[in-house]
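Predicted, not measured: the structure shown is a model, and the values here were computed from it. Numbers for residues simply follow the sequence, beginning at 1.
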Amino acid sequence: TREDALAQIAAAQDLGTLETLRVGFLGKQGSISGLLKTLGGMLPEERQQVGPQIHALRESVSEALAARKDALEAAALAQRLAGETVDLTLPAPEAPRGSIHPVSQVMDELAEIFADMGFAVATGPEIEDDWHNFGALNIPESHPARAMHDTFYFPDQDGEGRAMLLRTHTSPVQIRAMLAQGAPIRIIAPGRVYRSDSDATHTPMFHQVEGLVIDKGIHLGHLKWTLETFLKAFFERDDIVLRLRPSYFPFTEPSVEVDVGFAIVGGKRVLGGSGDAPGHGWMELLGSGMVNRKVIAAGGLDPDEWQGFAFGAGIDRLAMLKYGMDDLRAFFDGDARWNRHYGFNP
Ligand code: PHE
C-alpha cells in the first residue's frame, strides 16, 4: 500500500537502502511500474478511474524518495563537516620553501655594502664584442692575455665587424660605464662571465664583481681603503688584513694582486689576522690596480684629468670563503640539499 511504501522510505537510513527501494517501486521491474503496465489491459472506463490513482501513487512515492534523499545527503554532509573541523591551534605542517641562491645572496650583500660607500650597481651584456672585452682594455690582438682567457667565440661578427664572444670578465663594464656616464664614476658591476675551463675549481660560467672609481686625484690608498672596508663588512670581521703585491694586468698600471690573511682553525682556513703570523697564511683574493691611461682614453675621458682604480673579484669564491663551501661545481648543480646543508633553505 501507499502507507507501507512511504513508511519504508521514511525508515531508510542510508542512500544505498533508499536506492534499493526506488528500484523496487519505480524501476523497470518495480511494483508501481508493474501497476502502470496493467492499465493497458483495462477497459477505458476502468482505466479512467484507476489510472489517476496509480499516477498519484507514483507521484507521491517519487516525491518521498527525493525528500528522503535530500535529508540523508544533508545529514551525511553535516556529519562530514563535524569530523573535518580544523584546529587552528595545531602547528602547520612543514611545506617545502624556496630560498635565495648563495650567489644571489652575495650579490645583494655586495650591492648593499658598496651602496654605503656611494657605489651604484652597473651592468653590461654577457654577449660582448672583442673591442669592449679586450681591445679597449689594452689587450690587443695576439696579446698573450687573450689566450689566457680561454674565450668562447661566436661564429659570426657583429654589424661593425667585431668578433662576438661571451665576456671573459666583468671589466668591459668599465668601458661601457665611462662611455655611458662620463666621470666621476663609482660603480660595482656584478655578473656572469665565461671561460672554456672546467675542473674542481673552475666552471665554464662563474661570477665576478668589477669595481670602478674614476675621479680626480685618486690613488692606491683609496683602493686599499675601499677593499679593506668592503672585506671587513662582507666577512663581518674587524681583523681582516690585506697584503698588496705587484702584479700585471694590461688594463691597470700599476697592477696589484690582493691577498688576505687567514689562520688555520680545526683544519679549516678562517680569514683574519696577518698571514705572516705563525700558523697563518696568505690567500689570493682579487686583482686590481690603477686604471691604465689607455683604458681611460678608450672610455672617452682625458687621462690627464681623470684617474681611477679598478678591481675584479670572483663572487663564487667570496661566497665559498664566507659560507665554508668547498666545491665550486655544487653551486650550479641545482641540488636543493646542498643549499639546505649550508643553511640556504630554512
Ligand atoms: N678582469 C680581471 C680578471 O678577470 C680582474 C681585474 C679587474 C684586475 C680589474 C684588475 C682590475 O682576472
Side-chain angles (χ1 to χ4, degrees), residues 100-119 169-170 186 188-190 193 199-203 206-213 218-249 252 254-290 308-331 338-339 341-344:
I100 201 126
H101 192 278
V103 170
S104 306
Q105 164 83 32
V106 166
M107 285 186 180
D108 290 348
E109 292 171 10
L110 292 170
E112 202 172 307
I113 293 168
F114 278 102
D116 284 345
M117 294 191 268
F119 286 67
H169 51 176
T170 42
R186 261 187 271 182
I188 58 163
V193 299
D199 59 40
T201 53
H202 297 90
T203 49
F206 58 105
H207 299 83
Q208 283 190 335
V209 59
E210 194 79 7
L212 175 68
V213 168
I218 297 293
H219 55 74
L220 273 179
H222 295 121
L223 169 65
K224 190 177 186 206
W225 180 88
T226 303
L227 291 176
E228 246 168 34
T229 305
F230 153 57
L231 292 167
K232 283 178 180 174
F234 180 73
F235 289 112
E236 297 169 25
R237 294 187 69 113
D238 260 345
D239 61 346
I240 294 287
V241 178
L242 299 185
R243 179 176 77 173
L244 273 54
R245 272 184 299 116
S247 182
Y248 174 76
F249 298 103
T252 46
S255 299
V256 176
E257 199 89 48
V258 177
D259 300 335
V260 60
F262 65 85
I264 307 228
V265 180
K268 277 218 162 199
R269 292 172 166 199
V270 176
L271 297 192
S274 163
D276 290 330
H280 287 232
W282 295 106
M283 178 182 340
E284 204 175 295
L285 199 60
L286 54 88
S288 63
M290 300 306 294
F309 66 77
F311 61 87
I315 290 180
D316 316 290
R317 268 282 308 261
L318 290 174
M320 290 168 82
L321 284 170
K322 179 162 178 175
Y323 297 108
M325 298 149 170
D326 45 26
D327 186 358
L328 174 67
R329 288 171 299 190
F331 273 75
W338 176 80
N339 296 53
H341 176 75
Y342 289 105
F344 278 89

Practice problem: Please answer whether the main-chain N or O of V256 pairs with a side-chain N or O of S288 as donor and acceptor at a distance below 3.5 Å. | Solution: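 Flag set: sc S288 to bb V256 pair under 3.5 Å.
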Quiz item: Judged by atom type as modelled, is there a donor-acceptor pair below 3.5 Å linking the side chain of R245 to the main-chain atoms of E284?
Solution: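 Between the backbone of E284 and the side chain of R245 there is no qualifying donor-acceptor contact (under 3.5 Å).
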Spatial distance of atom [atom1] ([X]) from atom [atom2] ([Y]) [nearest 0.5 Å]:
X: Q208; Y: I188; atom1: CD; atom2: CD1; answer: 13.0 Å
X: L271; Y: K232; atom1: CG; atom2: NZ; answer: 13.5 Å
X: L220; Y: W225; atom1: CG; atom2: CH2; answer: 15.5 Å
X: L285; Y: E257; atom1: CG; atom2: CD; answer: 9.5 Å
X: H101; Y: N339; atom1: NE2; atom2: CG; answer: 5.5 Å
X: L286; Y: L231; atom1: CG; atom2: CG; answer: 6.5 Å

Quiz item: Any chance CZ of R243 has more than 12 other-residue heavy atoms, nucleotides or ligands included, within less than 6.0 Å?
Solution: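 For R243, atom CZ is crowded (more than 12 foreign heavy atoms under 6.0 Å).
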Just wondering, do [Y] and [X] contact through their side chains at under 4.5 Å, heavy atoms?
X: I113; Y: F119; result: no
X: F262; Y: L321; result: no
X: M320; Y: F331; result: yes
X: T226; Y: M117; result: yes

Let me check something: any side-chain donor-acceptor pairs from residues 308-316 under 3.5 Å, sequence neighbours excluded? List them with distances.
{"from": "D316", "atom 1": "OD1", "to": "H207", "atom 2": "ND1", "distance (Å)": "2.9"}
{"from": "D316", "atom 1": "OD2", "to": "H207", "atom 2": "N", "distance (Å)": "2.7"}

Quiz item: Under 6.0 Å between ring centres, would you say that holds for W338 and F344?
Solution: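 No, the ring of W338 stays outside the 6.0 Å limit from the ring of F344, centre to centre.
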